[in-house]
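The structure under discussion appears below in the form of structure tokens.
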Amino acid sequence: MRFILLLSTLFALSIACDIIVHLKSKTDKKFEGLITASNGKKSEKFGFTKKGERLTFQQKADECGLKPWNVQTFENGKEISNVVVTLDGIGRVSYEVGDDLKPIPKDRQGAICKGDANVCPPLA
């Protein structure tokens, strides 16, 4: 009985997803950031006004990794950059935005990231 319970728990954890995405400003330029999860749910469109400000978006879902996530930046309502990345599992992913207003992968913990080094942060 305990084995079945343990096996069921491991299976449930293997298909679950709990991803936190951070978007941090490294510039004093004004811009907006928006994070969209694979299930279509979006963060608020956050207005950055100075260095050090951070947008955090967490998504818990039964299914993950089926569609890409989007990390977008905007200046004066116009899209500047859109990082498209596939995330799965349980963990955290961080991006930083510099003067060019493009999200740059910083680091991640636990989350599985599918894509190249331009969109997938290295493991911390």
Side-chain angles (χ1 to χ4, degrees):
M1 181 65 175
R2 287 184 184 170
F3 177 73
I4 293 172
L5 181 60
L6 178 63
L7 191 59
S8 298
T9 302
L10 289 174
F11 178 73
L13 287 174
S14 69
I15 62 171
C17 151
D18 186 357
I19 304 284
I20 299 170
V21 177
H22 299 293
L23 185 62
K24 184 176 182 180
S25 175
K26 299 294 276 184
T27 183
D28 284 322
K29 283 186 171 182
K30 292 182 180 180
F31 70 97
E32 299 85 39
L34 179 69
I35 301 168
T36 306
S38 61
N39 62 3
K41 293 194 177 176
K42 297 180 179 189
S43 71
E44 64 185 73
K45 195 173 189 180
F46 184 81
F48 293 86
T49 59
K50 60 184 177 184
K51 284 183 184 177
E53 290 182 315
R54 184 167 75 169
L55 168 63
T56 298
F57 180 64
Q58 181 175 8
Q59 185 60 52
K60 296 179 182 180
D62 293 335
E63 297 175 338
C64 231
L66 301 177
K67 293 182 182 177
W69 286 62
N70 293 284
V71 181
Q72 297 170 277
T73 56
F74 302 85
E75 184 176 35
N76 299 321
K78 179 183 173 193
E79 184 178 294
I80 300 298
S81 182
N82 182 16
V83 172
V84 180
V85 63
T86 301
L87 301 172
D88 204 351
I90 299 172
R92 177 190 63 77
V93 181
S94 296
Y95 292 88
E96 291 181 342
V97 178
D99 289 335
D100 63 357
L101 302 183
K102 294 180 180 178
I104 303 298
K106 176 69 176 151
D107 61 26
R108 66 185 162 100
Q109 293 178 333
I112 298 167
C113 186
K114 297 174 186 160
D116 62 28
N118 294 325
V119 296
C120 283
L123 284 169

- Of all the heavy-atom pairs spanning Ser25 and Lys50, show the shortest one and how long it is. OG-O, 3.3 Å
Side-chain heavy-atom pair [X], [Y] within 4.5 angstrom cut-off:
X	Y	value
Lys41	Asn39	yes
Ile19	Gln58	no
Val85	Tyr95	yes

- With sequence neighbours left out, which residue pairs that include part of residues 111-124 fulfil the salt bridge (Lys or Arg N to Asp or Glu O under 4.0 Å) condition? none
- Which residues pass the side-chain hydrogen bond (donor to acceptor under 3.5 Å, both in side chains) test with Glu44, sequence neighbours left out? none
- Query: Got a sec, which residues hit side-chain hydrogen bond (donor to acceptor under 3.5 Å, both in side chains) with Gln72, two or more places apart in sequence or on another chain?
  - Reply: Glu79
Which distance, rounded to the nearest 0.5 Å, do you find between the [atom1] of [X] and the [atom2] of [Y]?
X	Y	atom1	atom2	answer
Gln59	Cys17	CD	SG	7.0 Å
Lys67	Thr86	NZ	OG1	12.0 Å
Lys24	Lys106	NZ	NZ	8.5 Å
Ile104	Ser94	CD1	OG	13.5 Å
Lys102	Asn118	NZ	CG	10.5 Å
Asp99	Thr27	CG	OG1	3.5 Å

- Item | Within 6.0 angstrom of Lys26 NZ, more than 12 heavy atoms from elsewhere | no
Using modelled atom types and a 3.5 Å cut-off, is there a donor and acceptor pairing between side-chain atoms of [X] and backbone atoms of [Y]?
X	Y	value
Thr73	Ile80	no
Asp28	Lys51	yes
Lys45	Leu34	no
Ser43	Ile35	yes

- What's the verdict on side-chain contact (heavy atoms from CB on, under 4.5 Å) for Leu87 and Val21, showing C-alpha distance, side-chain angles and the deciding distance? CA-CA 10 Å; Leu87 301 172; Val21 177; 4.0 Å; yes
- Given Leu123 and Arg108, is the side-chain contact (heavy atoms from CB on, under 4.5 Å) satisfied, shown in steps? CA-CA 5 Å; Leu123 284 169; Arg108 66 185 162 100; 3.5 Å; yes
- Query: Which residues pass the salt bridge (Lys or Arg N to Asp or Glu O under 4.0 Å) test with Asp107, sequence neighbours left out?
  - Reply: Arg92
- Task: Among residues two or more places apart or on two chains, list those pairs meeting ring pair (Phe, Tyr, Trp, His ring centres under 6.0 Å) that have a residue in residues 40-91.
- Result: Phe31-Phe48, Phe46-Phe48
- Could you give me the CA-CA distance, side-chain angles and deciding distance for Ile20 and Thr56, then say whether side-chain contact (heavy atoms from CB on, under 4.5 Å) is met? CA-CA 7 Å; Ile20 299 170; Thr56 298; 3.7 Å; yes
- Item | Pair listing, disulfide bond (SG atoms under 2.5 Å apart) test, anchored in residues 79-124, at least two apart | Cys113-Cys120
